[in-house]
Asks: 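Dropping a structure here in structure tokens format, bear with me for questions.
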Amino acid sequence: MKLLKGLSLLVGSALTLFSLALSSANNKAQGEKLYQVHCAACHGPNGEGGLGPTLAAPQLTRASDDEALFKIIKDGIAGTEMPSSRLEVEAIKELVRWVRNLGQRPVEKIGGDATRGGKLYFTKGDCASCHAINGRGSAFGPDLSDIGLRRGATHLRASLIEPEADVPKSFLMFRPGTALPENFLQVRVVTADGKRIKGVRINEDTFTIHLRELSGRVHSFFKSELKELHKDWGKSPMPSYRSVFTGEEMEDVVAFLVSLRGER
Ligand code: HEC
Ligand code: HEC
């Protein structure tokens, strides 16, 4: 009898151990599964980054500890594409564990040379004629001062090769959480006296539209006073650099962009 009891205790604890091991493996699989469904599209299947920044880094700028990471996953980052989520607390905890696990892997190595990339940015690329970095350059396109924090190398490479890939297709469908000024839409207007003006939209409401020409000049129009108003959904004023840069130069510029992490 005593023996039987001891045996069942032994079996019992072995079972508990077994199921504990199983559940921690399950949790890991769970965290990874949740990540692939909810995060991978923007942060890459291995956290290498894309539309969102890399998560495969031991230190995350906006998520220095697990609590901050939890909050970001739950609430998102206001004014950016990083969405909030309605996942259960337990699921978010699994995600936190998985993201930290991604951080144990080596950070994606970018082959290019950031210093050479910086030179190309200001010379051959002439990027400063449309973009500003820490106040230097034009405000025609998005500010790139901390682009390396906001985007991964995959997305940055794609923006240079195929700029159209990143522009709003339709305002409601695309970047719904993004404020208008972040939504660089190419617009063309014909004014009442027949003048044609092309630029990017900087603001719009029911009655008015504001746009910025490449020269930097800003125009405001009452829509009712315009002869024509075209919104070029899916078109980018940014040229493709596919045939401007060699493959090696492209990687240098990407490395430079990744290195831009805001002024400290
Ligand atoms: C629609 C795209 C998108 C999805 C889906 C998405 N993110 Fe993000 N995420 C972003 C973007 C863009 C940023 C950068 C926001 C900014 O400009 O600061 C970001 C930022 C972050 C950051 C801050 C990174 C840092 O370096 O501090 C973390 C952490 C993060 N996301 C985790 C997640 C997790 C976990 C999921 C899945 C539950 C997820 N994200 C889903 C786009 C996305
Ligand atoms: C004629 C103006 C113009 C030039 C020149 C130009 N860009 Fe752009 N760029 C834009 C505009 C407008 C956008 C925003 C709309 C879009 O994505 O096409 C943009 C978008 C981008 C983005 C995506 C930003 C994001 O948040 O996703 C990156 C990265 C970028 N440009 C980098 C560069 C680099 C690097 C160069 C030089 C090699 C360059 N651009 C040259 C106008 C320009």
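Indexing begins at 1, ligand by ligand and atom by atom, following the structure's order. Computed from heavy atoms alone, side chains included, the values below leave out hydrogens, waters and symmetry copies. On a predicted model such as this, the values are computed, not experimentally measured, just so you know. Position 1 is the first residue of the sequence, and the numbers go up from there.
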Asks: Please compare Phe122, Tyr241, Phe140, Phe256 and report which has the shortest non-hydrogen distance to atom 5 (C) of ligand 2.
Replies: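 Considering heavy atoms of Phe122, Tyr241, Phe140, Phe256, the nearest to atom 5 (C) of ligand 2 sits in Tyr241.
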Asks: Of all the heavy atoms in Phe245, does at least one lie under 4.0 Å from an atom in ligand 2?
Replies: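 Contact present.
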Asks: For atom 8 (Fe) of ligand 2, decide whether His131 has an N, O or S atom at a distance under 2.8 Å.
Replies: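 Looking at His131, which is the residue asked about, there is an N, O or S atom under 2.8 Å from atom 8 (Fe) of ligand 2.
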Asks: So, for Arg62 and Ile72, which heavy atoms are closest and what is the spacing to 0.1 Å?
Replies: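 Heavy-atom minimum between the residues: O-CD1, 3.3 Å.
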Asks: With sequence neighbours excluded, tell me which residues meet ring-ring contact (aromatic ring centres under 6.0 Å, His included) with Phe70.
Replies: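 Not a single residue meets the ring-ring contact (aromatic ring centres under 6.0 Å, His included) criterion with Phe70.
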Asks: In terms of atom number and element, which parts of ligand 2 are under 4.0 angstrom from non-hydrogen atoms of Ser236?
Replies: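 So the answer, numbered in order with elements, is 16 (C), 18 (O).
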Asks: Would you compute the distance between atom CZ of Arg97 and atom CD of Gln30 and round it to the nearest 0.5 angstrom?
Replies: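 Spacing of CZ (Arg97) from CD (Gln30) equals 11.0 Å.
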Asks: Taking atom CD of Glu248 as the centre, report whether more than 12 heavy atoms of other residues, nucleotides or ligands fall under 6.0 Å from it.
Replies: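 12 or below, so no.
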Asks: What atoms of ligand 1 come within less than 4.0 Å of a heavy atom belonging to Leu69?
Replies: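 Heavy-atom distances to Leu69 below 4.0 Å select 29 (C).
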Asks: Write down the atom of Phe221, the atom of Thr191, and the distance for their closest heavy-atom approach.
Replies: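 What the structure gives for the nearest pair is CE2-CG2, 3.7 Å.
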Asks: Do you know which two heavy atoms are closest between Phe140 and Pro237, and how far apart they sit?
Replies: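 In terms of heavy atoms, the two residues are closest at CE2-CB, 3.9 Å.
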Asks: Is Arg62 in polar range of ligand 1, meaning some N or O pair under 3.5 Å apart?
Replies: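 N/O-N/O distance under 3.5 Å: yes.
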Asks: Protein N, O or S atoms less than 2.8 Å from atom 8 (Fe) of ligand 1, ignoring waters?
Replies: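 Listed by chain and number: His43 NE2, Met82 SD.
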Asks: For atom 26 (O) of ligand 1, which candidate among Thr61, Val96, Thr80 provides the closest heavy atom?
Replies: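 Looking at heavy atoms only, the winner is Thr61.
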Asks: May I ask you to identify, for Leu160, whether its side chain, its backbone, both or neither come under 4.0 Å of ligand 2 on a heavy-atom basis?
Replies: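 The part of Leu160 near ligand 2 is the side chain, not the backbone.
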Asks: I'd like to know: is atom 8 (Fe) of ligand 2 within the 2.8 Å range of an N/O/S atom from Met238, strictly under that distance?
Replies: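 Yes, since at least one N, O or S atom of Met238 sits under 2.8 Å from atom 8 (Fe) of ligand 2.
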Asks: With atoms numbered from 1 as shown, which atoms in ligand 2 lie under 4.0 angstrom from a non-hydrogen atom of Pro163?
Replies: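 Near Pro163, the atoms of ligand 2 are 18 (O).
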Asks: My understanding is that only one of Arg188, Arg201, Lys198 makes a salt bridge (Lys or Arg N to Asp or Glu O under 4.0 Å) with Asp232; could you say which?
Replies: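 Of all the options given, the one that passes is Arg188.
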Asks: Nearest heavy atom to atom 25 (C) of ligand 2 wins, so pick from Glu249, Arg151, Lys235.
Replies: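 Comparing heavy atoms across Glu249, Arg151, Lys235, the nearest one to atom 25 (C) of ligand 2 lies in Arg151.
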Asks: List ligand 2 atoms under 4.0 Å from His155, heavy atoms only on the residue side.
Replies: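 Per the distance check, 25 (C), 27 (O).
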Asks: Hey, which atoms in ligand 1 end up nearer than 4.0 Å to a heavy atom of His38?
Replies: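 Selected atoms, number and element: 5 (C), 37 (C), 38 (C), 41 (C).
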Asks: Would you check whether Gln186 reaches within less than 4.0 Å of ligand 2, judged by its heavy atoms?
Replies: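 The answer is no, since Gln186 has no heavy atom less than 4.0 Å from ligand 2.
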Asks: Test salt bridge (charged side-chain N to carboxylate O under 4.0 Å, His left out) on Glu251 and Arg157; report intermediate values, then the result.
Replies: CA-CA 8 Å; Glu251 286 311 291; Arg157 210 172 279 125; 2.8 Å; yes
Asks: With nothing but distance in play, are any N or O atoms of Asp126 less than 3.5 Å from an N or O of ligand 2?
Replies: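 Between Asp126 and ligand 2 (N or O atoms, distance only) the closest approach is not under 3.5 Å.
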Asks: Taking atom types as modelled and ignoring hydrogens, do the side chains of His210 and Glu204 form a donor-acceptor contact shorter than 3.5 angstrom?
Replies: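 Per modelled atom types, His210 and Glu204 side chains form no pair under 3.5 Å.
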Asks: Considering both backbone and side-chain atoms of Ser129, is one of its nitrogen or oxygen atoms within less than 3.5 Å of a nitrogen or oxygen in ligand 2?
Replies: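 In this structure, Ser129 places no N or O atom under 3.5 Å from an N or O of ligand 2.
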Asks: A side-chain contact here means heavy atoms from C-beta on lying under 4.5 Å apart; do Leu144 and Tyr121 qualify?
Replies: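 Yes, at least one pair of side-chain atoms sits under 4.5 Å.
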Asks: Do any N/O atoms on Tyr121 end up under 3.5 angstrom from N/O atoms on ligand 2?
Replies: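 The answer is no, given that Tyr121 and ligand 2 share no N or O pair closer than 3.5 Å.
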Asks: Heavy-atom contacts with Ile147 under 4.0 Å: which atoms of ligand 2 show up? List them by number with element.
Replies: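 Close to Ile147: 24 (C), 25 (C), 26 (O).
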Asks: Keeping the roles fixed (side chain from Lys223, backbone from Phe207), state whether a donor-acceptor pair exists under 3.5 Å.
Replies: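 Absent.
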Asks: Asn46 and Leu102: which non-hydrogen atoms are nearest, and at how many Å?
Replies: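 Smallest heavy-atom distance, with atoms named: O-CD2, 3.7 Å.
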Asks: Look at atom CD of Glu88 and say whether more than 12 heavy atoms of other residues, nucleotides or ligands are closer to it than 6.0 Å.
Replies: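 Open.
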Asks: Of the side chain and backbone of Cys127, name the one, both, or neither that has a heavy atom under 4.0 Å from an atom of ligand 2.
Replies: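 Answer for Cys127: both.
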Asks: Can you list the atoms of ligand 1 that are under 4.0 Å from a heavy atom of Val99?
Replies: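 Numbered from 1, ligand 1 contributes 35 (C).
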Asks: Just to be sure I'm reading this right: ignoring hydrogens, which of Gly141, Pro142, Gly125 gets closest to atom 14 (C) of ligand 2? Compare them by their nearest heavy atoms.
Replies: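 Answer by nearest heavy atom: Pro142.
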Asks: How close do Gly49 and Thr154 get, heavy atom to heavy atom, and via which atoms?
Replies: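 Gly49 and Thr154 have their closest heavy atoms at O-OG1, 3.3 Å.
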Asks: Mind listing the closest non-hydrogen atom pair of Leu214 and Cys130 along with its distance?
Replies: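 Closest approach of Leu214 to Cys130, heavy atoms only: CD1-SG, 3.5 Å.
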Asks: If you count every heavy atom of other residues, nucleotides or ligands that lies below 6.0 Å from Lys33 atom NZ, does the total exceed 12?
Replies: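 No.
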Asks: Does only the side chain of Leu156 get under 4.0 Å from ligand 2, or the backbone, or both, or neither? Count heavy atoms.
Replies: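 Looking at Leu156 and ligand 2, just side chain atoms fall under 4.0 Å.
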Asks: Nearest to atom 12 (C) of ligand 1, what protein heavy atom do you find, and at what distance?
Replies: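 Here the nearest protein heavy atom works out to Leu51 O, 3.6 Å.
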Asks: Between Phe122 and Arg136, is there a cation-pi geometry (under 6.0 Å to ring centre, at most 45° from the normal)?
Replies: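 Output yes; distance and angle both within limits.
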